[in-house]
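Lettering of chains follows the sequences in order, A, B, ..., and the numbering in each one begins at 1.
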Amino acid sequence: MSENNTMPKSKLLSIQPEKKDIQVREWKRITRVMFGRIVVTGGALVILALILVAVFAPQISPYDPYETNLFAILAPPSKAHLLGTDEVGRDLLTRIIYGSRISLLVGIVAVSIGGLIGMGLGLIAGYAGGWINTIIMRVIDALLALPPLLLMLAIAVMLGGGLLNVLIALGIGIMPTYCRLMCGQVLSIKESDYITAARAIGANGLRIILQHLLPNSFPPLLVLITINLGTAIMMEASLSFLGIGIPPPTATWGAMVSSGYRFLLTNPLISFAPGVAILLVVLAFNMVGDGLRDALDPRLRGII
Amino acid sequence: MKEINRSIKAVQIITASCLLFLIGVIGHVEKAQAQSPRYGGILRWNVSEPYSLGYPATMTGQTDGQTSSVCLETLFRFGLKGEIVPLLATGYKADAIAKTITISLRKGVKFHDGSDFNAEVCKWNLDEFKKGKRPELKKVTSIDIIDDYTVRLNLSTFDNTIINSIANASDAGRMISKKAFEANGKEWCEQNPVGTGPFQFVERKKDVSIKWKRFDGYWDGKPYLDGIYNVRIQDPTVSMMAFKSGDVDILIPRSARDAKALENEGKYTTVIRPMGQVPALAGYANDPNSPFAKLKVRQALAYAIDTNRLAKAFGYGYWKVHNQWAVPGTWGYNHDIKGYPYNPEKAKQLLAEAGYPNGFKTTLHFYNFGQEYVDEMTAIQGFLKAVGIDGTLNGLQRPGFAEMASLGKGWEGVLRLQGYSSPDPLVKYAGIAGRQEFVGIYLSSEFVSLFNRATMAPDFETKQRLVHQLMKQSVDDCMAAHLYVKMAPIIKTKKLHDDLFGEVLYSYLSPKAWLEE
Amino acid sequence: MLSFISRRIIHTIAVLFIVSFFSFLLLHIMPGDPAAAMLGIEAKKEEVEAMRKELGLDRPFLIQYGHWFANVLRGDLGKSLMYREPVANLFYARLPVTLYLSLLAFVISGILGISAGIFCAIKRGGFFDQIISISANIGIAIPMFWLGIIGIYLFGLKTGWLPIYGWTSPFDDFILSSKQALMPVLLLAVPGISILARQSRSSMLEVVRQDYIRTARSKGLSERIVLLRHALKNALIPIVTLMGLHIRIMVGGSVLVETVFSIPGMGFLLVGSAINKDFLVVQGGVLLIGSIVCVTNLLVDISYGWLDPRLRYE
């Protein structure tokens, strides 16, 4: 466990005089530890590819993802259609490329919603303490008592489906971990000596907490966000698979697996290919998250 | 002489081959006849989850009626040609002037609980159905018992479609035991059907199965089958696999594609059900601001869709394109109607004339039964977009569809009408003409008055003539863009005989059905 | 210990209370009139009114909640619109199926996951360690429904080894039941195995570095005894805390697995009800599953406090 011996220096950062020098060394160490593992580098490349594909989808797609072609229904893979066509003659490869847009969008927006609400609540709970803390944390406990997929399914259905409602549901499902993380961070800073000292000389506690919060919680947050991007993509795919997600004809990987399932015997590729895409992307986010954790703060192993 | 000889020879050859052919045919016939019905066996097939099984007034949709039809019998049923055949009744007499329908009932029929079927029970059943505020018997003001086995329906206005409703296993006319109802109440009856049919209810495991066993006291002789086992397999691929592996004997394939694949295997009996779903797209015309309030826009919608191509792509030869409410091959079909065959240029032109040269945005609402429906609507969306009608798909589930279809909420844009065709188009139409269903579809006063005249027609010829006029009126008004009749095949094991399943309307299973070992 | 247990119980009750409030709230975040949305195709205006009354939608919010909660305590979760049956009855028939599958998957993932993790820790850096670590990562990232479909394709459609759908009670036909349950249970266990393998590996590695292990080794105890007696016992403690989380994963996974294999359990019911807008079933399901997880967490907490006395005074 060599990586465990190099303790994070984030706390030291603010005190040490030769900041720049240390920052450069720290940065070098982080990149070395992180990209030292092949899987992490591979994951990072997959994520990079995902972003590029999503951004340049119209440029690289051979066809229009929504253009149906009733003359070429369920065509097998060929030169014209590398992965074949689906049940209404749309090019499968194009649909998978466009599906990356939804996945990326869902990941980013859901994590933003969940992260902002969760961090806000965690901040309030940690700072206010007392009964406010108790109430917020019990609410979080209650949310954590429900399987995330079930919680998201219930919320999405009650709100009436559709992209926006799915995003809200995913955000709420992701929120609790951020709340807990933030609350814990605030509490640990609150008890530290310099806050007590600052308070003693009459400084604003909240300001100091906020000042110290960011550098301290940045590493775990980054790790959590990375892993949650994968989780959100997976959850969206699961909801779409169950038929409760984003309505057709939008190209989403989960819905593609679900609708291609009917052709398992004759055209297994229709459901297999989007599944591979989900697996690769989620795996990539998890790997990069792991790598980040090892590089930034190995103590987080087992907590996140 | 030579020529005569030659012709004699030819005659000989022809005679000989005819004889050979005849022997072959007779042999074949004999072989077929050699198989005589045998007792025993459980017939299994896949059903959707029914809601109510045994209380007609709360039974809705096809599933409830079809699933329970082995147990609950109707007064009449439909024959192979769509004609009305007596079942629990023995006949009826309709009197258009006196506004009555007199039905004579079968004698010696017993319910599964041992109680008798008679005029009193029949009246009670129809009254109970009326209490459920169902539209089918709305025009029946009262029911008189003439004698033990005769009832008379008194009508507010004469309606020649009522008898059809009574014969339809999904509508009125199913007879349940009054004794069982009085002993156990409505909720019990919903889950425990007690009828007169060849099979009696054993148990139901929700989401899993329904079991029925032979009713030895059946009025038409002891049924051959020991029982019926309905399983519920939701997934179409899985249900197809279950059929192929012999886990079920009858398959109602969800898609025409699956049906074709099985038919091509040649190992099974394939029958085409006499009626199919008749989807049509209706623009909301009740709001003057809606583009579909304009005839030209409604016509453009109809011209824009290549129904032939759709039927070819998704129907695998089973779907028949049509252009009116009535189904080709039935008496109501008006052959003179040209309709709106695919013509995207014409559609664009009509849109421009109506004031939408650049098209418009709208929503395409449809009842999402499954992926096949999404596929179809996605393709339709493509056709509409090509002429400038840019629609967003909105797949609805039961409650959402109900709001638009029967709760009168209306819809923004286009709604896909759903439902099965009926041998009598007036039955299919009643909800729309009576402003009970799909309120918001374009409805002209000419149409309504023609409809009412047709339902009151005292004889068939008058009715047919009026129905043909009605069809023309509806196409002239372009109430909806008709797509096709989705004739649905049913695939059965070759071991099943004399069952009529799928051959007559509404999944009627003949009590004479039997299974080979 | 008693005060620890009572504190945990009070905590659980508070959480349960909030879970119930969430479930109640679900019906009210619905846009539009829940009563109208809940009724079927044949609904009429009077029926909608009657439904509003039945649901108590005409009364103030908190009174509605109190009324609903009182009903819940009596076991009355309302009536399903689709099945026309009390929601509680529906659950009564389906919960055992889900519990049976989840419990089997729970045991399997516990045994396989922990032993794989410990094996990896002992043979750290070796070939199997790498293979298992990679598989565990894939196991976490793989879409469960997709894996199920691949399973159906390979073991059901292509080879015909296993049935691809359905459920039979083990008391009715044990062999058929086991055949039908094999794929779903293994599938349900996949995320659990993966998470436990990773967790127990790092937990074991953590323990091996501790002083007491070094002491044990220096005493000349055999490596086997050191690992099994001293290291394993301590490494297991943090893994036990994961069990609460684990239950959540199992029940959540059953939603997908039951849908893929058409198994009539809670997950299958809830997905079907969600799609058909049978809201009371969804509401009741959220409440029931939330409560089950809460109670299991309580049990895990108590047993953990019993194992590790330090925790009781936190």
Rounded at 0.5 Å granularity, tell me how far [atom1] in [X] sits from [atom2] in [Y].
X: A:S271; Y: C:I152; atom1: OG; atom2: CD1; result: 10.0 Å
X: C:I134; Y: A:M287; atom1: CD1; atom2: CE; result: 9.0 Å
X: C:L27; Y: A:M158; atom1: CG; atom2: CE; result: 5.5 Å
X: C:R248; Y: A:L149; atom1: CZ; atom2: CG; result: 11.0 Å

Please tell me if the side chains of [X] and [Y] come closer than 4.5 Å, counting only heavy atoms from C-beta onward.
X: C:V251; Y: A:L150; answer: no
X: A:V257; Y: C:I149; answer: yes
X: A:I278; Y: C:W146; answer: no

What residue, out of A:A237, A:P274, A:A284, has the most heavy-atom pairs lying under 4.5 Å from chain C? A:A237

Most chain C-contacting option - heavy-atom pairs closer than 4.5 Å, from A:I135, A:V281, A:V276, A:V39: A:V276

Nearest heavy-atom pair of [X] and [Y]: which atoms, and what distance?
X: A:A145; Y: C:V19; answer: CB-CG2, 4.4 Å
X: C:L270; Y: A:L153; answer: O-CD2, 4.4 Å
X: C:L256; Y: A:S238; answer: CD1-OG, 3.9 Å
X: A:D290; Y: C:R198; answer: OD2-NH1, 3.2 Å

At a 4.5 Å cut-off on heavy atoms, which part of [X] comes close to chain A: side chain, backbone, both, or neither?
X: C:Y153; value: both
X: C:L25; value: neither
X: C:A274; value: both

Verdict with reasoning, C:I138 to A:L283, per side chain to side chain contact (heavy atoms under 4.5 Å, CB included): CA-CA 6 Å; C:I138 292 178; A:L283 190 62; 4.0 Å; yes

Count the heavy-atom pairs under 4.5 Å between each of C:P143, C:G252, C:G290 and chain A, then report the option with the highest count. C:P143

Report the relative orientation of the aromatic rings in A:F241 and C:F145; use parallel for angles under 30°, tilted for 30 to 60°, perpendicular for over 60°. parallel

Start with the C-alpha gap between C:I275 and A:I244, add the side-chain angles, then the distance that decides, and say whether side chain to side chain contact (heavy atoms under 4.5 Å, CB included) holds. CA-CA 7 Å; C:I275 288 174; A:I244 293 163; 4.0 Å; yes

Quick one, C:H11 with A:R138, criterion side chain to side chain contact (heavy atoms under 4.5 Å, CB included). Give me CA distance, side-chain angles, the key distance, then yes/no. CA-CA 8 Å; C:H11 172 263; A:R138 286 308 84 80; 3.1 Å; yes

